[in-house]
Amino acid sequence: MENNNETSTDFFLLGLFPPSGIGLLFFIFIILIFLMALFGNMSMIILILLDTHLHTPMYFLLSQLSLMDLNYISTIVPKMASNYLFGNKSISFIGCGVQSFFFITLAGAEGLLLASMAYDRYVAICFPLHYPIRMTKKMCVLMITGSWMISSINSCAHTVYALHIPYCRSRAINHFFCDVPAMLTLACMDTWVYEYTVFVSITLLLVFPFIGIACSYGRVLLAICRMHSVEGRKKTYSTCSTHLTVVTLYYVPFAYTYLRPRSLRSPTEDKILAVFYTILTPMLNPIIYSLRNKEVMGALRRVIQRISLYKCRQSSHSSCCFRNT
C-alpha cells in the first residue's frame, strides 16, 4: 500500500477516442461541437447583454446558463484534445483535482439553475400578475449566487476527499476527464461510504430539482390547457417545450450515470453518457433557445441592424472627411 506522499504522481487519462481513423473522425467531430458551443454561448451572452428587450429575469438566467456551459465544456475538451494531439495522456495530481472541482461545481450549478428557470416559467404562466413581485432582480441574483455557492461547497467536499485517499493500483483513469467515481476505482481502500455521499449529492442537486421541475411544468401544462388564446397557448407551449428538452438532455444521462451501483456501471457506457452532459448539451442549449425563440431571433436582427447602421455612419463620416481634405 502506498502512503499519502506518493499520491502526488500523475494520473493518466485513457481518453475517448480509439487510436485509429475512426478515432480521428470522432476527434474532429468533437472539436467542431466545441467550437459551435463556444460561438453559440458567447453569442447568447453578448446578445442578451446588448439588447434591452432581453433584460428580463428569464434571459438573465439564460445568460448565466450560457456562461456555465461555456466554462463547462472548456473544462473538459481542451485537455482532452491536447492529450489526443500530443499523445501525452498524463495529468498532474493537482491538475486532476482542479478539473474535478470545476466539473462538479459547474454540473451542480447548472442543475440548480435549470430548476430556477423552471420556477421562473411557472410564476410567469401560473401567476402572471405576481411575476414582477416574485421574480425581481434581487431574486434572480439570489438564485444564481445560491446555485454557485451550494455547488462549490459540494464540489470542494468531493474533491478534497478524492485528493486525500491513497491510490495503490494503476493510475490509468478509464475516462476522458478526472471523474471522481472513475478515480476511486484505483483506490486501495473501501470507498463505499463515499459512494453513499455521491448518491446523496446527486439526489439533492439533481433528483430533487428534477422533481421540482416536473411539478412546475405539470402546473404549467394545466394552465396552458385553460388558456383561451390560441396564439398565447402556442407561445407558452413553445417556451416550455424548449426548456423541457434542455432539462431532459442534461438530467437523464447524468442521473442514470451516477445513481447506478458500481456493479452495474461500465467505463465505456459512462464515457458515452458523459459526452451528452459535458459536450453535447453545452452546444445544443444556445441552438435550442435561439432557433425556437422569436424574441432571441428578433434581438439578433436588431443588433445586426445597429451594427450595420454604425458601420454605415462610420463609412459616411470617413468619406466626408476624405472629401474635405
Side-chain angles (χ1 to χ4, degrees), residues 1-20 22-24 26-31 33-34 37-38 70-108 151-195 197-198 201 254 257-258 262 265-279 282:
M1 181 180 294
E2 295 183 59
N3 57 39
N4 287 338
N5 293 328
E6 292 178 295
T7 60
S8 59
T9 56
D10 293 352
F11 286 107
F12 297 90
L13 297 170
L14 297 185
L16 180 64
F17 315 108
S20 62
I22 295 177
L24 180 60
F26 276 124
F27 171 76
I28 294 172
F29 181 63
I30 293 297
I31 293 300
I33 291 176
F34 174 67
L38 288 184
L70 194 62
N71 287 281
Y72 201 5
I73 197 168
S74 298
T75 300
I76 305 297
V77 175
K79 178 59 179 175
M80 179 177 64
S82 173
N83 288 355
Y84 181 81
L85 287 174
F86 299 105
N88 179 18
K89 296 185 177 182
S90 67
I91 182 170
S92 68
F93 187 76
I94 298 301
C96 199
V98 170
Q99 187 185 57
S100 177
F101 172 79
F102 281 108
F103 164 71
I104 299 172
T105 298
L106 291 163
S151 187
S152 296
I153 293 169
N154 172 70
S155 177
C156 187
H158 286 282
T159 306
V160 168
Y161 177 86
L163 294 181
H164 281 81
I165 62 174
Y167 293 94
C168 59
R169 302 180 190 176
S170 165
R171 295 184 179 275
I173 301 174
N174 196 357
H175 218 301
F176 57 90
F177 66 96
C178 289
D179 186 33
V180 173
M183 293 169 61
L184 294 183
T185 60
L186 311 177
C188 54
M189 59 176 283
D190 193 353
T191 58
W192 67 270
V193 174
Y194 177 76
E195 290 176 23
T197 65
V198 171
S201 294
F254 211 121
T257 298
Y258 291 97
R262 184 192 290 184
R265 297 176 61 177
S266 71
T268 302
E269 192 176 40
D270 285 352
K271 286 191 283 188
I272 293 172
L273 289 169
V275 170
F276 279 91
Y277 53 80
T278 61
I279 300 174

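The CD1 atom of Ile76 sits 4.5 Å away from atom CD of Gln99, with the distance rounded to the nearest 0.5 Å. In this structure, CZ in Arg265 is found 9.0 Å from OG1 in Thr185, a value given to the nearest 0.5 Å. To the nearest 0.5 angstrom, Cys156 atom SG is 10.0 Å from Ile104 atom CD1. Taken to the nearest 0.5 Å, the OG atom of Ser266 stands 7.5 Å off from the CD1 atom of Ile272. Atoms CZ and OG, from Phe34 and Ser74 in turn, are 4.5 Å apart once rounded to the nearest 0.5 Å. If you take CG on Leu13 and CG on Asn83, they are separated by 6.0 Å, rounding to the nearest 0.5 Å.
When every heavy atom of Val180 is checked against every heavy atom of Ser100, the shortest pair comes out as CG2-OG, 3.0 Å. The minimum heavy-atom distance between Phe93 and Asp10, with the atom names listed, is N-OD1, 4.1 Å. For the pair Ala274 and Phe177, the tightest heavy-atom approach, listed with the atom from each and the gap, is CB-CE2, 4.1 Å. Residues Met183 and Ala162 share a closest heavy-atom pair of CE-CB, 4.2 Å.
Within the 4.5 Å cutoff, the side chain of Met80 has heavy atoms near those of the Ile279 side chain. At a threshold of 4.5 Å between non-hydrogen side-chain atoms, the residues Pro166 and Met189 count as touching. Between Thr105 and Phe102, the closest side-chain pair of non-hydrogen atoms is not below 4.5 Å. The shortest side-chain heavy-atom distance between Leu184 and Tyr161 falls under the 4.5 Å cut-off. The closest side-chain heavy-atom distance from Asn88 to Phe12 is not below 4.5 Å. Contact annotation: the side chain of Ile73 never approaches that of Thr278 to less than 4.5 Å [non-hydrogen atoms, C-beta and beyond]. Side chains of His158 and Tyr194 form a contact here, defined as non-hydrogen atoms less than 4.5 Å apart.
Other residues, nucleotides and ligands place more than 12 heavy atoms under 6.0 Å from the CG atom of Leu85. Environment of CZ in Phe27: crowded, with over 12 heavy atoms of neighbouring residues, nucleotides or ligands closer than 6.0 Å.
Ring geometry for Phe254 against Phe103 counts as parallel: the plane angle stays under 30°, on a 0 to 90° scale with 60° as the upper cut.
With hydrogens and angles disregarded, a donor-acceptor distance shorter than 3.5 Å links the side chain of Thr75 to the backbone of Asn71. Not one N or O on the side chain of Ser82 forms a donor-acceptor pair closer than 3.5 Å with the backbone of Pro78. Within the 3.5 Å criterion, the main-chain N or O of Ser152 finds no donor-acceptor partner in the side chain of Ser155.
Scanning for side chain to side chain contact (heavy atoms under 4.5 Å, CB included) contacts around Lys271 gives Leu16, Asn174, His175, Phe176, with sequence neighbours left out.
Annotation: cation-pi geometry satisfied between Arg171 and Phe11 (NZ/CZ under 6.0 angstrom from ring centroid, within 45° of ring axis).
Results of the side chain to side chain contact (heavy atoms under 4.5 Å, CB included) test with Ile173 over Asp179, Leu186, Leu14 single out Leu186 as the only residue that passes.
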